[in-house]
Amino acid sequence: MSERSIGLLGERKKARLEELARASADKGGVSLVRDAARRLRRNPVAIVGAIIVGLFVLVAAFAPLIAPHDPVQRFDELTRNLTVDNIPGASSEFPLGSDPLGRDFLSRLIYGSRQTLFVGVLATLIGLAFGVVFGALAGACGGWIDVILMRLTDVMLALPSLLLAITLVAMASKSSQWTVIFAVAIVNVPIFARLLRGSMLAQRESDHVLAARALGVKERNIVLRHMLPNSLTAVVVQATLTFAVAILDAAALSFLGLGDPDINRAEWGLMLGVDGQRYFEVRPELAYYPALAIIVVALGFTLLGEAMREAIDPKNRR
């Protein structure tokens, strides 16, 4: 083959490569977030979970507008025939009837969503914040810091989460709403810490980290700009799943009498434990409705979290 033929063949290949490059540039790349959002929109499980979570947040945010009555007000219509063996049921003015103290049960159920959302969000965010700090330190520093932090998380993970939360609340001098929040948050710290630490260890040997290290980038900048941002995706997805667990743990603590002792505060776990358990034979609906609300909301966050995990992590895709 002559040099001229070789040159023409090289020019054709070059032109073809340039054409392919222009076609790729015209189409544009798809980011991980955009690809995950597209998969979530096509996933019926994600849609169902998002609808449940969206309704829950809307009810909690607009509870004063949705609730027909004041949740702490005692009504004469309900207390007139109220006895230990007779709790008024549903009526036109009170669709779900009365609670044992003559208050509108529907209004208390609606306001209970605000309390559940408040406890779940704060407990998850506090656990996420401490978990990210511990996981980042363990994954970035290694050595004895990694050993100490991971052995501590192993001890915490070895105990059942609810049992550990009960122990932490029992250690407090006085149970309150904040003891429940911090107990549930501390239980979730080792989950976030170990997950982030594993992701950062995987990022440590990735090509872009090795390239940055070869170019002389400071280790602190490598951790904060390369390793940590690329490792947070799995942690954020886990936070959605942890929110469901936080709701269940907080409700369980209130059910056991270790939560907020204020009987005027509408909270699903407290309603299920104090009213539902004590008056179950008289009016089982006092237990059915809070339990159903807890189950549905926890299911919504679980479905949404699992769908997000499947959309973001290619290993979990079916």
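Side-chain atoms are counted along with the backbone in the values below, which use heavy atoms only and exclude waters and symmetry mates.
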Between Asn43 and Val45, what is the shortest heavy-atom contact and its length? OD1-N, 3.0 Å
Should Leu152 and Val189 be counted in the same cluster of Ile, Leu, Val, Met, Phe, Trp and Tyr side chains packed under 4.5 Å apart? no
Might you work through the side chain to side chain contact (heavy atoms under 4.5 Å, CB included) test for Leu253 and Val184, ending with a clear yes or no? CA-CA 9 Å; Leu253 292 175; Val184 176; 4.1 Å; yes
In Å and rounded to the nearest 0.5 Å, what is the CG to CD distance from Leu292 to Glu285? 12.5 Å
State plainly whether one hydrophobic cluster holds both Val180 and Leu159, where clusters connect Ile, Leu, Val, Met, Phe, Trp and Tyr through side-chain heavy atoms under 4.5 angstrom apart. no
Going through the checks in order, is the salt bridge (Lys or Arg N to Asp or Glu O under 4.0 Å) test met by Glu267 and Arg265? CA-CA 6 Å; Glu267 198 270 323; Arg265 191 186 300 275; over 6 Å; no
Pair Leu117-Phe243, side chain to side chain contact (heavy atoms under 4.5 Å, CB included): steps then yes or no: CA-CA 9 Å; Leu117 180 64; Phe243 194 96; 3.8 Å; yes
Donor-acceptor pairs under 3.5 Å, side chain of residues 62-75 to any protein atom, not counting sequence neighbours: which ones?
residue	atom	partner	partner atom	Å
His69	NE2	Glu93	O	3.4
Asp70	OD1	Val72	N	3.2
Arg74	NE	Leu101	O	2.7

Please give me the minimum heavy-atom distance between Ile294 and Gly269, naming the atom from each residue. CD1-N, 4.2 Å
Donor-acceptor pair, Ser113 side chain versus Leu109 backbone, under 3.5 Å? no
Taking the inter-plane angle between the rings of Phe301 and Phe56 on a 0 to 90° scale, is it parallel (under 30°), tilted (30 to 60°) or perpendicular (over 60°)? perpendicular
Ile191 side, atom CD1; Leu241 side, atom CG - distance, nearest 0.5 Å: 10.0 Å
Joint hydrophobic cluster, Phe118 plus Phe255, side-chain heavy atoms closer than 4.5 Å: yes
At their closest point, which heavy atom of Pro190 faces which heavy atom of Ile186, and how far apart are they? CD-O, 3.4 Å
Quick one: CD1 on Ile247 to CD1 on Ile295, what's the gap to the nearest 0.5 Å? 12.5 Å
Could you state whether Leu248 and Leu164 fall into the same hydrophobic cluster, counting links through intermediate Ile, Leu, Val, Met, Phe, Trp or Tyr residues with side-chain heavy atoms under 4.5 angstrom apart? no
Between Ala246 and Asn188, what is the shortest heavy-atom contact and its length? CB-ND2, 4.3 Å
Can you name the nearest heavy-atom pair linking Val237 to Gly305, along with the distance? CG1-O, 3.6 Å
Using 0.5 Å steps for rounding, measure from the CD1 atom of Ile52 to the CG atom of Leu55. 8.0 Å
Specify the closest pair of heavy atoms between Ala183 and Ala165, including all atoms of both residues, with the distance to one decimal. CB-O, 3.8 Å
Looking at residues at least two apart in the chain, or sitting in another chain, which of them share a side-chain contact (heavy atoms from CB on, under 4.5 Å) with Arg42? Arg38
Derivation of the side chain to side chain contact (heavy atoms under 4.5 Å, CB included) call for Val297 and Trp268: CA-CA 11 Å; Val297 171; Trp268 290 343; 3.8 Å; yes
Less than 4.5 Å apart, side chain to side chain, heavy atoms only: is that true for Leu286 and Pro100? yes
Starting at CG of Leu163, measure out to CG of Leu168 and round the result to the nearest 0.5 Å. 9.5 Å
Find the distance between CG (Leu106) and OH (Tyr289) and round it off to the nearest 0.5 Å. 9.5 Å
Indicate if Leu195 and Val187 have the same hydrophobic cluster label, given that clusters are the connected sets of ILVMFWY residues with side-chain heavy-atom separations under 4.5 angstrom. no
Give the C-alpha distance, both sets of side-chain angles, the deciding distance and a yes or no for side chain to side chain contact (heavy atoms under 4.5 Å, CB included) between Asp104 and Ser98. CA-CA 5 Å; Asp104 180 32; Ser98 170; over 6 Å; no
Tested for side-chain contact (heavy atoms from CB on, under 4.5 Å) against Val48, the lone hit among Leu303, Leu299, Leu304 is Leu303
The single option from Ile148, Asp154, Thr153 that satisfies side-chain contact (heavy atoms from CB on, under 4.5 Å) with Arg151 is Asp154
Assess whether salt bridge (Lys or Arg N to Asp or Glu O under 4.0 Å) is satisfied between Asp99 and Arg283, documenting all intermediate values. CA-CA 9 Å; Asp99 75 340; Arg283 273 202 68 201; over 6 Å; no
Can you give the donor-acceptor pairs under 3.5 Å from side chains of residues 124-141 to other protein atoms, not counting sequence neighbours?
residue	atom	partner	partner atom	Å
Thr124	OG1	Gly120	O	2.7

